[in-house]
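This report concerns only the one structure given below.
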Amino acid sequence: MPDTYAAITAVEGYVPPDKLTNKELEQMVDTNDEWIMSRTGIAERRILKGKDKGTSVMAIEAVNGLLKKRDLDPAEIDLIICATVTPDMQFPATANIVSDAVGAINAFSYDINAACSGFIYALVTGAKFIEAGTYKKVVVIGGDKMSSIIDYTDRATCIIFGDGAGAVLLEASDEPYGIMDSILKSDGSGAQFLHQKAGGSRRPASHATVDAREHFVYQEGQAVFKFAVNNMAEVSAQIMERNGLKAEDIAWLVPHQANKRIIDATAQRMGLGPEKVMLNIHKYGNTTAGTLPLCLWDYEKQLKKGDYLVLSAFGGGFTWGAVLVRWAYDPS
Ligand code: UT7
């Protein structure tokens with residue numbers, strides 16, 4: 001048992017006001033509301049509109065909300081980690097931009113890129129700094145402006161993704177609350193099924209890459225679906241088993257919101273009924289690194305001190321994993 005635990009002491013989220021509904025998508029590509037709802041569970045997503053607005057715009061809103069909620073001086077933050085695949089720029093890190101904007105003058109900050117698993121990777125990384133006794137207050141952000149890398153002529157991907165960001169505050173606790181255990185995995189051989197072809201050092205942006213629409217998400221949906229169902233369910237069941245927890249001990253599954261069918265399969269494998277599954281995919285779609293903190297934000301008022309939560313994700317890389325969290329506070 002560690003002397004210090006990394007407790008989640010606040011959560012906040014931000015989604016832009018503009019909605020993109022299934023009906024609107026019907027006007028853009030050959031699809032229909034019934035297909036999208038039955039195959040994914042998504043009814044609408046949020047889109048960040050406006051010139052020169054990147055992921056940081058949403059992350060800053062979430063972090064400022066977090067600071068306000070906890071009445072925290074930003075100078076007290078030691079570290080900010082931002083999980084994203086849609087940084088404002090290739091460099092500097094979006095976390096650097098957020099730190100500056102929120103006035104975290106004493107924090108160092110960096111980004112983590114683990115696609116849809118980014119938030120759990122960042123959460124576990126941030127928690128380690130606290131458990132080691134190095135830092136006391138860490139902000140972990142998950143957010144993506146997926147609309148910046150989505151091809152709105154490709155019906156197989158444009159129906160899934162949306163924009164949004166969430167953030168949590170991790171604080172040192174000498175009581176056993178917070179990040180209790182984690183299983184993090186990756187398998188780079190999955191890159192072929194889910195990636196963005198151009199814009200990196202292998203294929204820098206050129207007229208040819210733009211003309212070939214290579215700056216958008218490329219996904220082989222069925223292949224990703226199979227890996228996601230198996231791996232998310234497996235790792236979620238594994239983290240319960242190795243901590244001696246049964247379905248009745250788990251208050252909530254907090255699953256990555258990629259596809260309602262993947263979420264249902266994961267819950268089933270864990271033996272959980274739908275009443276214990278956080279779900280907001282219908283209103284936000286898949287916000288990549290944003291899904292898990294946005295779930296915690298939406299359900300915060302239903303969480304009680306001592307609740308066991310299993311956070312679970314699968315995404316590009318492939319990356320996947322599960323984190324066992326013991327919730328640290330009652331609703332205010
Ligand atoms: O978060 C990162 C990880 N990503 C995921 O976890 C996503 C995993 N994959 C999925 O969620 C699903 O594979 C999709 C939602 C992307 C697609 O659902 P699917 O049930 O796997 O559909 P499919 O790709 O097998 O396509 C079935 C049919 C095809 O038509 P044919 O060949 O049977 O005639 C597609 O062309 O559905 C067609 N289709 C569509 N039809 C209407 C594909 N997209 C659409 C669409 N509207 N938007």
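Quick caveat: nothing in here was measured; it's all calculated off a predicted structure. Whatever order the structure lists ligands and atoms in, that order sets their numbers, starting from 1.
Taking atom 9 (N) of ligand 1 as the reference point, the nearest protein heavy-atom neighbour is G221 O, 3.1 Å. Closest to atom 30 (O) of ligand 1, if we only count protein heavy atoms, is R155 NH2, 4.4 Å. The protein atom (non-hydrogen) at minimum distance from atom 4 (N) of ligand 1 is Q219 OE1, 3.1 Å. Looking from atom 5 (C) of ligand 1 to the surrounding protein, the closest heavy atom is V224 CG1, 3.6 Å. Summary of contacts: the protein heavy atom closest to atom 47 (N) of ligand 1 is T31 OG1, 2.7 Å. For atom 1 (O) of ligand 1, the closest non-hydrogen atom of the protein is N286 ND2, 2.7 Å. In this structure, atom 16 (C) of ligand 1 lies nearest to the protein heavy atom I160 CD1, 3.6 Å.
Close contacts of ligand 1 with A258, meaning ligand atoms under 4.0 Å from a residue heavy atom, involve 1 (O), 5 (C), 6 (O). Close approach to I262 involves these atoms of ligand 1, each under 4.0 Å from a residue heavy atom: 6 (O). Below 4.0 Å from some heavy atom of I159 lie the following atoms of ligand 1, by number and element: 48 (N).
A side-chain hydrogen bond (donor to acceptor under 3.5 Å, both in side chains) with T86 is found for one member of N113, D163, T288, D144 and no other, namely D144.
Within the 3.5 Å criterion, the main-chain N or O of K283 finds no donor-acceptor partner in the side chain of N280. A donor-acceptor distance shorter than 3.5 angstrom exists from the side chain of Q257 to the backbone of M278, with no hydrogens or angles considered. Remark: the backbone N or O of E34 is paired with a side-chain donor or acceptor of S38 at under 3.5 angstrom.
Looking at R70 and E171, a side-chain N of the basic residue comes within less than 4.0 Å of a carboxylate O on the acidic one, giving a salt bridge. Under a 4.0 Å N-O distance rule, the pair D154/R213 does not qualify as a salt bridge.
For ligand 1, the polar-atom distance check against C116 finds no nitrogen or oxygen pair separated by under 3.5 Å. For ligand 1, the polar-atom distance check against N259 finds a nitrogen or oxygen pair separated by under 3.5 Å.
Contacts with ligand 1 closer than 4.0 Å are made by side-chain heavy atoms of W35 only, the backbone lying farther away. When heavy-atom distances to ligand 1 are checked against a 4.0 Å cut-off, V29 has no atom that comes that close, whether in backbone or side chain.
Distance check for atom 33 (O) of ligand 1: every protein heavy atom is found at 4.0 Å or beyond. Protein heavy atoms come within 4.0 Å of atom 22 (O) of ligand 1. Of the protein's heavy atoms, at least one falls inside 4.0 Å of atom 38 (C) of ligand 1.
Side-chain contact of H256 with S117: a donor-acceptor pair under 3.5 Å is absent, judged by distance alone.
A heavy-atom distance below 4.5 Å is not found between the side chains of I160 and V217. For the pair L245 and V310, the minimum side-chain heavy-atom distance is 4.5 Å or more.
Here atom 20 (O) of ligand 1 lies nearest to R39 when heavy atoms of E34, R39, Q222, H256 are compared. With V229, T40, I36 as candidates, the residue nearest to atom 15 (C) of ligand 1 on a non-hydrogen basis is T40.
For the ring-ring contact (aromatic ring centres under 6.0 Å, His included) test, residues two or more places apart in sequence or in another chain that qualify with H195 are Y218.
Under the ring-ring contact (aromatic ring centres under 6.0 Å, His included) criterion, the residue pairs touching residues 130-186 are F108-Y135, F129-Y135, with sequence neighbours excluded.
Closest approach of V102 and N64 over heavy atoms only: CG1-OD1, 3.5 Å.
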